[in-house]
Amino acid sequence: VKRIGVLTSGGDAPGMNAAIRAVTRVATNIGLEVYGIYDGYRGMVDGKIKQLTRESVSDILDRGGTILGSARLPEFKDIEVRKKAIEQLDKFGIEAVVVIGGDGSYRGALALTDMGVNCIGLPGTIDNDIASTDETIGFSTALNTVVDAMDKLRDTSSSHHRCSVVEVMGNRCGDLALFSGLSSGAEIVITSETGFDESEVLDRLREFDVVKKKNHALVIISEKITDVEIFARKVSQFTGFSGRATILGHVQRGGSPTPGDRVLASRMGEKAVDLLMQGVGGQCVGIQRGEIVGVPIEEALNMPSKSRKDLQNLFDRLV
Ligand code: ADP
């Protein structure tokens, strides 16, 4: 392998730039040429491709977002569209590609590998929803952002006997909700794993108010579970708290990556280049019990999601 490509795909995440930098620096330092593919698979099909040098990735380690841009291209499932992408790669002499993204992006990487272009996936998503890695690039930063917001909401909620109902991202993975709940001392966490029984949650809130005499309550709820505006109105109606909904939204996707994310992205970027140099494709990189590993994408996509029963129990014992 002499020339590799790198792209970011799907939802963006802080730390993607750190991964692009690591791939570019590790590869160029061993004499490879690196090409940046802009706007994910869309740019691959359209030939939006430019060489990256060690200078082109200077000053990006601390920047959120992705300098390569990201996009979604549902048509990439179509083999004819992928053939066009491979024609572009051939035109630029790109023999292998590092794909930074979520599990959708992994599927694209696997499909390309099956067509003869070795691809390695790196887990870039704030959702931490990839089973083959204990942590994804961007999760630590997003968690920091959520906890920072929770700390602020607690201040104002206490002053007004309020219940803040806070919706966080996670794309059906409860990690951002549960970890931020543990870190911020929330009263209630609701995820797809805990389930949502509205009247039971209202009962618990009344107990915080009447029995435990709390002057505020923080409820964290994963996105895609319920309408938090409507639920907050019910909190006002049926409990002693005044309910207020906060949807954190896309602020969770931004910001300068934490040192944890920068180091993780750098380690994973190194591993991706090493795997490609060994002629490996169709794998994704993960961190498992502190060790950076390569896992076949096929296997990664079929792994059951991580159980958080132990952390959920801990949360319950801390309330
Ligand atoms: P994420 O990578 O964050 O999970 P998506 O699910 O939107 O985000 O996937 C990103 C892109 O990966 C899609 O827009 C599409 O181009 C590509 N992709 C997703 N699934 C497949 C598939 N089964 N085959 C080929 N490409 C896919």
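Ligands are counted one by one from 1 in listed order, and the atoms in each one are counted from 1 as well.
Every atom of ligand 1 with a heavy atom of Gly108 under 4.0 Å away is listed here by number and element: 25 (C), 26 (N), 27 (C). Below 4.0 Å from some heavy atom of Gly11 lie the following atoms of ligand 1, by number and element: 3 (O). Residue Gly102 has at least one heavy-atom neighbour below 4.0 Å for each of these atoms of ligand 1: 1 (P), 2 (O), 3 (O), 4 (O).
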- request: Under the ring-ring contact (aromatic ring centres under 6.0 Å, His included) rule, what do Phe241 and Phe208 come out as? Steps first, then yes or no, please.
  value: CA-CA 10 Å; Phe241 292 112; Phe208 281 121; 7.8 Å; no
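Nearest-residue assignment for atom 23 (N) of ligand 1 (options Glu75, Arg107, Arg82; heavy-atom criterion): Arg107. Of the options Lys77, Arg72, Arg42, Met44, the smallest heavy-atom separation from atom 22 (C) of ligand 1 is shown by Lys77.
Residue, atom and distance of the protein heavy atom nearest to atom 8 (O) of ligand 1 are Gly10 CA, 3.5 Å. With hydrogens left out, the protein atom closest to atom 2 (O) of ligand 1 is Ser105 OG, 2.5 Å, a heavy atom. The protein heavy-atom contact nearest to atom 15 (C) of ligand 1 is Leu73 O, 3.2 Å. If you check which protein heavy atom lies closest to atom 4 (O) of ligand 1, you get Gly104 N, 3.0 Å. At the top of the distance list for atom 11 (C) of ligand 1, counting protein heavy atoms only, stands Ser9 OG, 3.6 Å.
The environment of CD in Glu55 is crowded: more than 12 heavy-atom neighbours from other residues, nucleotides or ligands sit within 6.0 Å.
Separating the OG atom in Ser105 from the CZ atom in Phe76 is a distance of 10.0 Å, to the nearest 0.5 Å. The structure places OH of Tyr35 at 9.5 Å from CG of Leu52, a figure rounded to the nearest 0.5 Å.
There is a side-chain donor-acceptor pair under 3.5 Å between Ser58 and Arg25. Using modelled atom types and a 3.5 Å distance limit, the side chains of Ser256 and Arg262 yield a donor-acceptor pair.
Partners of Thr133 under the side-chain hydrogen bond (donor to acceptor under 3.5 Å, both in side chains) rule, at least two apart in sequence or in another chain, do not exist in this structure.
Distances shorter than 4.0 angstrom do not occur between any heavy atom of Thr125 and any atom of ligand 1.
Applying the side-chain hydrogen bond (donor to acceptor under 3.5 Å, both in side chains) test to pairs two or more places apart or on separate chains, those with a residue in residues 190-209 are His161-Asp209, Asp197-Ser199, Glu198-Lys234, Glu200-Arg204, Asp203-Arg206.
At a heavy-atom cutoff of 4.0 Å, ligand 1 is contacted by the side chain of Tyr41 but not by its backbone.
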